[in-house]
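Here's the structure, in structure tokens; my notes come after.
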Amino acid sequence: MIALLSTLALAQESCSYVGLYGALDDLAPPAIVVVGERKGTPLDLHRADRIIGLLARREVPVTVAFEAIESEFQPVLEEVERGLVDPTSAGQRVSFADRWGFSFDAYAGLLERGLEGVDLVAAGLPYGLKPANETVPVPPGYYFALSASMGDAPVPVSFEETLTSAFAWRSHQIAATALAGWNGEGYLVIVADRALVEGGQGVSWQAERLADVAVRSVVLANAQSPCAPGDRVWRDLWGR
């Protein structure tokens, strides 16, 4: 038990707690920012919006890609940008509740950025296993990083490879789709489930291998979980 607590303490100390400016001050464009949200959590998405606003004020192009919206709905986001679809009602057009399983309300503010000149990209995909005929790079020790969040319910040993390849495939596809929708100028912000961001072994790891620009990840809330080495976790004095 003492050894376990010591390990957790070291894990907590291995990450960096950052605020809005500390996370991004030294990140020059072109660059990619991957932010990890607790799915559907208003506080996290408010923080994501603040990041987007900060980057947009630098007067360079900003593109925002969403795991929460599947890529087949890209035409809807383009209609939002053109003012043809109200951002607050776009959730129905992208089957949000059925596909993502959470309320759309917390995401509407991010889509409103499309009316301010921010490009919007639908980068999500249905949940599933990696296709048998596809290959995908897998981060070293990825299963151990994933299993840290499983608690007392780890997957059977025989399923470990299937699990890691599924997570790696999903992360790779999100990163690839986001990059395909970005012109390489300014900043690309990818908003993804924090499970695909923690430890830098998910979407950001894949993006680093697909792009020739700096990639930085930020986990948008502490959530009372141990930090993985290298994580940047948002924490400010006022909890905003």
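To the nearest 0.5 Å, atom CH2 of residue W182 and atom OG1 of residue T177 are 15.0 Å apart. The structure places CD of Q92 at 11.0 Å from CG of D98, a figure rounded to the nearest 0.5 Å. The line from OG1 of T41 to CZ of F102 is 7.5 Å long, rounded to the nearest 0.5 Å. We find the CD-CG distance between E67 and D193 to be 5.5 Å, quoted to the nearest 0.5 Å. Here the CG-CD distance, from L84 to E78, works out to 11.0 Å after rounding to the nearest 0.5 Å. To the nearest 0.5 Å, atoms CG (L24) and CZ (R58) are separated by 6.0 Å.
Put simply, the side chain of T88 reaches to within 4.5 Å of the side chain of E112, judged on heavy atoms. In this structure the side chain of V94 never reaches within 4.5 angstrom of the side chain of R99, judged on heavy atoms. Considering only heavy atoms from C-beta on, E79 comes within 4.5 Å of R93 through its side chain. Residues L43 and R38 have side chains in contact (heavy-atom distance under 4.5 Å, counting atoms from C-beta outward). Inter-residue side-chain proximity for V64 and L110 is flagged as unmet; no heavy-atom pair is nearer than 4.5 Å. In this structure, the side chains of L179 and I32 come closer than 4.5 Å at one or more pairs of heavy atoms. Side chains of E185 and T63 form no contact here, defined as non-hydrogen atoms less than 4.5 Å apart. Counting heavy atoms from C-beta outward, V121 and L77 have side chains that stay 4.5 Å or more apart.
Counted by atom type alone, W100 and Y107 present one or more donor-acceptor pairs between their side chains at under 3.5 Å.
At least one donor-acceptor pair closer than 3.5 Å links the side chain of T164 to the backbone N or O of E161. When atom types are taken as modelled, the side chain of Q74 and the backbone of A122 share a donor-acceptor pair closer than 3.5 angstrom. Of the possible polar contacts, none joining the R113 side chain to the G109 backbone as a donor-acceptor pair under 3.5 Å is found.
Counting heavy atoms of neighbouring residues, nucleotides and ligands inside a 6.0 Å radius, atom CD of E72 exceeds 12 of them. In N183, the CG atom is crowded: over 12 heavy atoms of neighbouring residues, nucleotides or ligands sit closer than 6.0 Å. Counting non-hydrogen atoms of neighbouring residues, nucleotides and ligands closer than 6.0 angstrom, the CD atom of E59 reaches no more than 12 such neighbours.
Hydrophobic cluster membership is shared by V118 and V80, with clusters built from Ile, Leu, Val, Met, Phe, Trp and Tyr side chains linked at under 4.5 angstrom. By the criterion of side-chain heavy atoms lying less than 4.5 angstrom apart, applied directly or through intervening Ile, Leu, Val, Met, Phe, Trp or Tyr residues, L125 is not grouped with W205; the two fall into different hydrophobic clusters. V60 and L54 fall within the same hydrophobic cluster, defined by Ile, Leu, Val, Met, Phe, Trp and Tyr side-chain heavy atoms under 4.5 Å apart, directly or through other members. Both V76 and I69 belong to a single network of hydrophobic side chains, linked directly or stepwise wherever heavy atoms of I, L, V, M, F, W or Y lie under 4.5 Å apart.
For Q173, there are no side chain to side chain donor-acceptor pair (under 3.5 Å) partners, not counting sequence neighbours.
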- prompt: Yes or no on side chain to side chain contact (heavy atoms under 4.5 Å, CB included) for L45 and V191, after CA distance, side-chain angles and deciding distance?
  reply: CA-CA 9 Å; L45 293 162; V191 184; 4.3 Å; yes

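Contact between D26 and R216 at its shortest, heavy atoms only, is OD1-NH1, 2.6 Å. Q206 approaches A168 most closely through the heavy-atom pair NE2-O, 3.6 Å. A pairwise comparison of heavy atoms in L220 and R47 identifies O-NH1, 2.7 Å as the closest pair. In this structure, I190 and A178 approach most closely via the heavy-atom pair CD1-CB, 3.8 Å. S165 and T162 get closest at one heavy-atom pair: OG-O, 3.0 Å. Residues P30 and V213 come closest through the heavy atom pair O-CB, 3.6 Å.
Both tests pass for R170 against the ring of Y127: distance under 6.0 Å to the centre and angle within 45° of the axis.
Of the charged side-chain nitrogens involved, at least one lies within less than 4.0 Å of a carboxylate oxygen, so that E198 and R194 count as a salt-bridged pair.
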